[in-house]
There are 2 protein chains.
Amino acid sequence: MTDGRSRRREDTRQRLFVAAVELIAEQGFSATTVDDIAARAGVAKGTVYYNFESKTVLFEELLRHGIGLLTADFRAAVDGLPPREALAALVRAELEYIRRYRAFAQLLLSEMWRTNREWQQTLRLLRGEAIEVIAETVRSGVASGDLPADLDVRTASSALFGVGLVVAVDWLVFQPDRPIEDVQEALLGIVRRVAQT
Amino acid sequence: MTDGRSRRREDTRQRLFVAAVELIAEQGFSATTVDDIAARAGVAKGTVYYNFESKTVLFEELLRHGIGLLTADFRAAVDGLPPREALAALVRAELEYIRRYRAFAQLLLSEMWRTNREWQQTLRLLRGEAIEVIAETVRSGVASGDLPADLDVRTASSALFGVGLVVAVDWLVFQPDRPIEDVQEALLGIVRRVAQT
DNA sequence: GTTTTTATACTGACCGGTCAGTTTAGAAGT
DNA sequence: ACTTCTAAACTGACCGGTCAGTATAAAAAC
């Protein structure tokens, strides 16, 4: 498992993920060629197909990997916290994640609301898993009276998820000079006000 | 200029716009073929090239047309209103626009934050024009004391623009059964709270 | 501990299909 | 008459995917 071979392979896969994520974030899935990905990762084209069944499967595994990390961060963030604090922790976790994996966040924002693509089903499912963590928090907050009773859990959860994405990526793309703390503070302020009972 | 011939031509261009917008919203620019667009518009492929210089130019003109309409709606919405009311009117106008041109909104959301594409410059410019209308409102609101003094005009304006997009499109894609009035009300509630001095 | 074998990881030229864009001769609309 | 559109064939670049062959590290055989 940790012998030289599988470590080498895992390393190659990781490099391919990184290359693919950057290129797809910039250009989109269709505009990114397998040759591009291979070149940026510093491997031959055949290596891509040795490690992944197809371009689509590479992308799907990439999505699974990336959103899996986000979901894990979400779970860790809310662990044991009361609803109001958990909500703030979620916002912080999301922005922290976006800061660390900016290209992946950009990619998500661009591909999240597409329809009629092969990998759409996969993405929809993964999105659901991440949002479910938010929804659990909102639900328990509404139940305990910590959050407004008239809050629609589903809408609020997906709105929270999407708003964090769009505000953060907009900041990354259009005003990267601004410190992220400002964005985080602004977003927290918004969420705090909206969460007022 | 308004003779039968140019009207006919304008009609064809319109049909091509509609076809292109729907397909690109679903699949993205690169995954959409010119043959697809021609077929959906019910014209011959040659007609596409009779009316537009290239696929890219078609898309750029599409962006100009679509965002031009949005900017005009924005201007009409804020006309003569005091800042706070103008802000609410902007939200209403944006959602109204998205409801009418849902495919274009979806397309915008997917292509807005891309980098390294030929038409990126065009889109950036057009985005700026639309957001400038919002910014003017926010700026005068801050100046007159109707809006919080610590509000960063640039961030607030682009956030407002992006949030409307993402919340509305998310609703369109993931919970289309929900009436838009709910979404509008929720968004207005958020903006109202955030705009509180 | 040196040689031989095997499994795994990678290479890059190549193939078949796809797609943007062109061309052409003519039909239809105004 | 003039503009707009059609239909269909064609070109050439590009791209996803394949495959015969190479490299390398670990294991087996000696």
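What you see is a predicted model, and the numbers here were worked out from it, not measured in a lab. Each chain gets a letter, A, B and so on, in the order the sequences are listed, and its residues count up from 1. All values below come from the heavy atoms of this structure, side chains included, with hydrogens, waters and symmetry mates left out.
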| Are any of R8(B)'s side-chain N or O atoms less than 4.0 Å away from OP1 or OP2 of dT4(D)? | no
| Same apolar cluster: F104(B) and V57(B), side chain cutoff 4.5 Å | no
| query | According to a strict under-4.0 Å criterion, is T12(A) in side-chain N/O contact with OP1 or OP2 of dC10(C)? | reply | yes
| task | If a protein heavy atom is under 4.0 Å from the base, mark B; if only from the sugar-phosphate, S; if neither, -; do that for nucleotides 19-24 of chain C going 5' to 3'. | result | SBBB--
| said: Ring-plane angle category for F59(A) and F29(A), please: parallel below 30°, perpendicular beyond 60°, tilted otherwise. | reply: tilted
| field | ILVMFWY network linking L81(A) to L147(A), side-chain heavy atoms under 4.5 angstrom | value | no
| Spacing of Q27(A) atom CD and L107(A) atom CG [to the nearest 0.5 Å] | 11.5 Å
| said: Heavy atoms only, 4.0 Å cut-off, all strands: where does V48(A) land among base, sugar-phosphate and nothing? | reply: nothing
| message | Over 60° means perpendicular and under 30° means parallel, so tell me whether F17(B) and F52(B) are parallel, tilted or perpendicular. | response | tilted
| field | T47(B) vs dT6(D): side-chain N/O to OP1/OP2 distance below 4.0 Å | value | yes
| query | Does Y50(B) have a side-chain nitrogen or oxygen under 4.0 Å from the phosphate oxygens OP1 or OP2 of dC5(D)? | reply | no
| query | Would you call R15(B) and D11(B) a salt bridge, taking side-chain N to carboxylate O under 4.0 Å as the test? | reply | yes
| said: Distance check needed: dC5(D) P versus I37(B) CD1, whole Å only. | reply: 16 Å
| Under 4.0 Å: is that the gap between some side-chain N or O of N51(B) and OP1 or OP2 of dT4(D)? | no
| remark: dist S157(B):OG -> E132(B):CD (nearest 0.5 Å) comes out at 8.0 Å
| note | To the nearest angstrom, the CG-C1' distance between L16(B) and dT6(D) comes to 14 Å
| task | In whole angstrom, give the distance that lies between atom CZ of R9(A) and atom P of dA7(C). | result | 16 Å
| query | How many Å lie between CD on E10(B) and C1' on dC5(D), as a whole number? | reply | 15 Å
| field | Euclidean distance, atom CD of residue Q14(A) to atom C1' of dA9(C) [Å, nearest integer] | value | 17 Å
| query | How many Å lie between CG on D11(B) and P on dG29(C), as a whole number? | reply | 14 Å
